[in-house]
Amino acid sequence: MIVSTKELFKHAYGKYAIGAYNINNLEQTMGLFHGNLDSKAPFIIQISKGARSYTDKRMLEAMIRMADALFPDAIFAVHLDHGDEEAALDCINSGFYSSVMIDASMKPYEENIAITARIVKAAHAREISVEAELGQLGGVEEHISVSEDQVHLTDPVQAEDFVKKSGCDSLACAIGTSHGAYKFAGSQGIHFEIIAAIQKLLPGFPLVMHGSSSVPKSEVDRINAAGGAMKNAKGVDASQFLKAAKLGVTKVNIDTDGRLVWCRVHREYFKEHPENFDLRPPGKVFMAEYANYIVEKNNYLGSSGQLDAVRVFLKKT
Ligand code: G3H
Ligand code: 13P
Ligand code: ZN
């Protein structure tokens, strides 16, 4: 069942965080639904701008509609990840998305407010909620690379002003994490003092943590042992997700770790079966491994086992 992101946040706030997982293809979609149902977790499906243009956005949307029909027990929201104004308006007008992210964090502060406010106006007219971003995360997203010295952690006082002026429904904050597999040197320390300060100024307001992959060394080692050439890097310590959730982080964005699972499965499969050329055998292994990976993440997020409670909550509201 596709539900509003807002309702999922209401149920989760202060108790656990919802996993927001990016999808690009069929195998990821199947693994995602199986993993969330196996762990009885509500979840958010994210579609990025890059994913929308990888083949055709309508293919991804159609897959989600079909998965909704195939897995009637699943409860999830559909979200545009890192949208610009054009993509956000397109998603709002499509009527399919539960929420959109407008990422104008690279613009000057007043311009970020103005762009976000325009999207909020269009989205709220159709009961769609809006995630905005304030501050600059590091790492690499499609088309954008932010180096360590360009990172700006979110200023809590500015966050309060931004939320009031823009009218956004949730806020992605720069709190020490970064995007991609090649995160910064050293580990990704989450700045809990910033999250706590924002929560104090904006009690009950949902916060979003991007760049939350852990880049497990075990995955990187297996990829490299099977012919890969990945540099070592450390990501976020997943055992800290719940601490962040208690401070108002209700959505945790994870993408890179899923790509590592894909890369590891396919490299190992073809190394072990050099005679094979068929896509289905590794695809089968990938779907099962991807589901396991989702289960593991949901356990850290505390979203595991919340599905029935969310169903009851949605009926009441
Ligand atoms: O933060 C970005 C997400 O990991 C999506 O990545 O833009 O390459 O689809 P993408
Ligand atoms: P990772 O690159 O750490 O998985 O972050 C994903 C993300 O923030 C998607 O918006
Ligand atoms: Zn992100």
Side-chain angles (χ1 to χ4, degrees), residues 5 17-25 28-29 32 43-57 59-60 77-84 86-88 91 97 99-106 130-146 151-152 154 170-184 186-190 206-217 219-220 230-231 233-238 240-241 244 249-264 290 293-294 296-298 300-301:
T5 312
I18 317 262
Y21 302 105
N22 294 64
I23 60 155
N24 293 273
N25 68 10
Q28 261 183 322
T29 308
L32 180 66
F43 61 104
I44 297 173
I45 299 185
Q46 307 208 113
I47 305 182
S48 72
K49 246 188 98 185
R52 281 161 59 82
S53 58
Y54 171 50
T55 52
D56 185 310
K57 61 193 177 189
M59 282 298 291
L60 279 181
V78 182
H79 178 79
L80 168 69
D81 188 30
H82 291 285
D84 55 17
E86 190 189 348
C91 291
Y97 290 72
S99 49
V100 294
M101 176 184 190
I102 173 70
D103 181 359
S105 58
M106 71 301 290
V130 177
E131 174 185 328
E133 180 165 330
L134 183 64
Q136 287 244 259
L137 268 77
V140 181
E141 298 162 36
E142 218 193 28
H143 311 309
I144 302 171
S145 170
V146 181
V151 169
H152 296 295
T154 305
S170 62
L171 188 66
C173 307
I175 46 178
T177 62
S178 57
H179 288 108
Y182 301 119
K183 299 182 186 280
F184 296 150
S187 63
Q188 298 279 289
I190 301 174
L207 305 177
V208 180
M209 188 161 84
H210 282 244
S212 307
S213 281
S214 300
V215 196
K217 186 173 178 327
E219 287 289 9
V220 173
M230 287 192 64
K231 290 180 283 178
K234 278 190 196 156
V236 173
D237 176 356
Q240 300 201 313
F241 287 165
V249 170
T250 48
K251 175 170 175 276
V252 168
N253 285 19
I254 306 170
D255 181 21
T256 296
D257 283 352
R259 298 184 190 205
L260 295 181
V261 175
W262 184 92
C263 182
R264 182 252 299 166
Y290 198 80
Y293 143 83
I294 296 288
E296 194 185 316
K297 293 292 181 195
N298 289 343
Y300 282 116
L301 293 163

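Note: hydrogens, waters and symmetry copies are ignored here, and every other heavy atom, side chains too, is used. Ligands are counted one by one from 1 in listed order, and the atoms in each one are counted from 1 as well.
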Inset, instruction - Check N253 against ligand 1 and report side chain, backbone, both or neither, counting heavy atoms closer than 4.0 Å. - result: neither

Inset, instruction - State whether the shortest distance between N or O atoms of I254 and N or O atoms of ligand 2 falls below 3.5 angstrom. - result: no

Inset, instruction - Specify side chain, backbone, both or neither for H82, according to which of its non-hydrogen atoms lie closer than 4.0 Å to ligand 1. - result: side chain

Inset, instruction - Compute whether any side-chain donor of one residue and acceptor of the other, for H79 and S99, lie under 3.5 angstrom apart. - result: yes

Inset, instruction - Examine N22 against ligand 2 and note whether any of their N/O atoms are separated by less than 3.5 Å. - result: no

Inset, instruction - Would you indicate which of S213, S214, G258 comes nearest to atom 4 (O) of ligand 2 when only heavy atoms are counted? - result: S213

Inset, instruction - Taking only heavy atoms of H82 into account, list the atoms of ligand 2 that are under 4.0 Å away from them. - result: 10 (O)

Inset, instruction - Enumerate the residue pairs fulfilling salt bridge (Lys or Arg N to Asp or Glu O under 4.0 Å) with a member in residues 208-217, sequence neighbours excluded, ordered by first and then second residue. - result: K217-D221

Legend entry - Enumerated ligand 2 atoms positioned under 4.0 Å from heavy atoms of D255: 4 (O), 6 (C)

Inset, instruction - Look at ligand 1 and say whether R52 reaches it with a heavy atom at a distance under 4.0 Å. - result: no

Inset, instruction - Output the atom name for the N/O/S atom of H210 with the smallest distance to the Zn ion (ligand 3). - result: ND1

Inset, instruction - Ignoring angles and geometry beyond distance, decide whether D257 reaches within less than 3.5 Å of ligand 2 through its nitrogen or oxygen atoms. - result: no

Legend entry - Heavy-atom nearest neighbour of atom 2 (O) of ligand 2 within options V215, L260, T256: T256

Inset, instruction - If you have a sec, read the angle at the Zn ion (ligand 3) from H179 atom NE2 over to H82 atom NE2, to 10 degrees. - result: 100°

